[in-house]
Amino acid sequence: MTLVQTQPRPADAGPAHGTAVEVMDAAGPQVCDDMSVEVALAVMAAARTSRLVVCDQDGQCTGLVTQAELTAVRDGSAYTDRVRLRDILGDHGSFASPVTTMAEAEHAMRTRRLGALPVVDEQGSALGILALSR
């Protein structure tokens, strides 16, 4: 897990330098990493969302998957119904802490080519999601 670390923010910093917890979206649906790709896609459809927070058996956030990623896996030639979310998470182990500044989070997302970044607390529980505006 890569946690985006930050320095304390000066009290007079403006909203452009806000922290992750001040601007994050709700975490949305959270699913276990042993869920199959097909079931995850069904959860997304039912929840009308394009991404899911993935957690391990202990409730710790392990990553984020998108509908586009899951559809690509499902449509791939190596796909079977035994593929679980934990099998495809790959390098989705980047997270922001609640005190990560927006500048730091944006830099991390652009560097890692991520459209969204989970915000997690000290125990690894998902608090919300930061998304790049397009």
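Between atom CD1 of residue I88 and atom CG of residue L70 there is a gap of 4.5 Å, rounded to the nearest 0.5 Å. Atoms CG and CD, from L117 and E106 in turn, are 11.5 Å apart once rounded to the nearest 0.5 Å. Going from atom CG of L52 over to atom CG of D33 covers 12.5 Å, rounded to the nearest 0.5 Å. For the atom pair CD1 (I129) and CG (L64), the distance works out to 5.0 Å, reported to the nearest 0.5 Å. The distance from the OG1 atom of T100 to the NE2 atom of H107 is 12.5 Å, given to the nearest 0.5 Å. Atoms CG and OG1, on D25 and T49 in that order, are 10.0 Å from each other to the nearest 0.5 Å.
Residue Q123 comes nearest to Q60 through the heavy atom pair O-NE2, 2.8 Å, listed as atom of the first residue, atom of the second, then distance. The two residues F95 and C61 have their closest heavy-atom pair at CE2-SG, 3.2 Å. Across all their heavy atoms, M44 and V65 have their closest contact at CE-O, 3.6 Å. Among all heavy-atom pairs drawn from A20 and S97, the shortest one is CB-O, 3.5 Å. Here the shortest heavy-atom pairing between L127 and M24 reads O-CE, 3.5 Å. Nearest approach of L130 to V119, heavy atoms of both residues: CG-CG2, 3.7 Å.
Within the 3.5 Å criterion, the main-chain N or O of Q67 finds no donor-acceptor partner in the side chain of S50.
Two residues are said to be in side-chain contact when any heavy atoms from C-beta on lie closer than 4.5 Å; Q57 and C32 meet this criterion.
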